[in-house]
Amino acid sequence: MDYTDIRKNFEKHGFSTQVFLTKEEAADYLKNELQHQTIGFGGSETLREIGLFEALLHNNAVVWHNKVPSRDVRRLANCANIYITSANAVTKSGEIVNIDATGNRVAMTAFGPGICYYVVGKNKITENMTDAIYRCRNVAAPQNAKRVNAKTPCAKKADRCYDCNSPDRICRIMITIDRVPKGMKCEVIFIDQELGF
Ligand code: SF4
C-alpha cells in the first residue's frame, strides 16, 4: 500500500516514521538502531511474530512479561530507557489507539522512556478514530482474550465484544495518542504485512 499520506500525517503529529515491506527488514532496522540499551516490551502478538525479543537480546537487556508473566516483570519493563510495542489500531490521520488490561503498556506510551517505538502491521490501519476504536474493541480485544484464554464471552469465537463485566475482562484502559507526548520521542514502524491482532 502507499504510505505517503499516513506518514505525512503521523509526522505532522510529531512522530518519526519508517516503512518496511517485511518483518525481517523491520527487525534488522531495530537491531541496528538499538544496541547496549535497556528495552521494555509491551504485550504484543506482532512483536512475537517478528521474533523481535530474540533479535534484540544479543546486544541489549530486554524485559518482556510475555516471556515471564508477572506484574513485577511488567514494572521492570517500565523502567527501561526504550519501549517497544504495537498498536491495536492506528488511523490514517495519524493517531494511535491501544486497550490494556493492566495498564503497563498504555502508561509507557503516555509517560514513558526517552523513546517509544510502535511496530504496526497494515491490518492495524483504519480510516478514522471511530473505526480505530471499533477495531480495538471488536477485533483486537476478542482475539487477545482468546490468545490468553480469558474467561470472557468474546474469547471462544473472538467474533466481537460483548462489553462484559467478567473478572477476566481484558479491556480496562483505552488510550488514544493524538500527538507525541511532551518529552518523548516516538517512532511508528509500518510493516506492509498483516501482523498480530
Ligand atoms: S469487554 Fe469483555 S467481551 Fe468485550 S472484548 Fe473486552 S473482554 Fe471481550
Side-chain angles (χ1 to χ4, degrees), residues 1 6 10 15 23 40-53 63-78 83-112 116-179 181 186 188-191 193-197:
M1 71 178 269
I6 192 169
F10 269 95
F15 297 86
K23 60 185 182 180
F41 273 27
S44 168
E45 178 65 12
T46 297
L47 301 186
R48 189 195 67 74
E49 288 175 15
I50 295 173
L52 199 58
F53 179 85
V63 183
W64 196 14
H65 68 273
N66 278 31
K67 297 291 179 187
V68 185
S70 86
R71 186 171 181 84
D72 284 346
V73 171
R74 284 179 170 89
R75 287 177 62 81
L76 195 58
N78 287 19
Y83 200 69
I84 306 180
T85 182
S86 186
N88 294 138
V90 303
T91 66
K92 287 186 175 173
S93 48
E95 293 93 13
I96 297 169
V97 190
N98 269 321
I99 288 183
D100 261 17
T102 59
N104 57 305
R105 174 175 65 154
V106 300
M108 282 298 267
T109 57
F111 188 65
C116 177
Y117 292 91
Y118 294 89
V119 183
V120 178
K122 65 181 181 181
N123 48 318
K124 307 291 183 71
I125 297 171
T126 60
E127 287 297 323
N128 52 44
M129 187 57 78
T130 303
D131 289 357
I133 291 171
Y134 182 89
R135 184 181 199 287
C136 289
R137 289 195 167 135
N138 290 285
V139 179
Q143 293 194 54
N144 275 314
K146 186 176 182 182
R147 177 177 62 85
V148 300
N149 293 318
K151 292 181 181 57
T152 59
C154 63
K156 199 166 179 184
K157 290 196 282 181
D159 54 343
R160 66 176 176 90
C161 173
Y162 295 80
D163 196 19
C164 69
N165 200 28
S166 159
D168 263 10
R169 175 174 168 134
I170 66 164
C171 310
R172 292 171 181 269
I173 308 151
M174 182 162 64
I175 190 168
T176 67
I177 302 289
D178 299 327
R179 304 286 190 280
C186 296
V188 183
I189 297 172
F190 294 104
I191 302 175
Q193 291 179 308
E194 300 215 347
L195 291 163
F197 307 138

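Both ligands and their constituent atoms are indexed starting at 1 by order of listing. Model, not experiment: these values are computed from the prediction. Numbers here are sequence positions counted from 1.
Distance check, rounded to the nearest 0.5 Å: OH of Tyr118 to CZ of Phe15 gives 5.5 Å. Atom NZ of Lys23 sits about 10.5 Å away from atom OG1 of Thr46, to the nearest 0.5 Å.
Near Arg137, meaning under 4.0 Å from one of its heavy atoms, ligand 1 places the atoms 5 (S).
In this structure, Cys136 and Cys171 have side chains that are not in contact, with every pair of non-hydrogen atoms separated by 4.5 Å or more.
Side-chain contact, Thr126 with Lys92: no donor N or O sits under 3.5 Å from an acceptor N or O. For the 3.5 Å distance criterion, the side chains of Tyr162 and Asn165 fail to qualify, holding no donor opposite an acceptor.
Listed by chain and residue number, the protein N/O/S atoms under 2.8 Å of atom 8 (Fe) of ligand 1 are Cys154 SG, with waters left out.
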side-chain hydrogen bond (donor to acceptor under 3.5 Å, both in side chains) between Arg105 and Asn78, intermediate numbers included: CA-CA 8 Å; Arg105 174 175 65 154; Asn78 287 19; over 6 Å; no
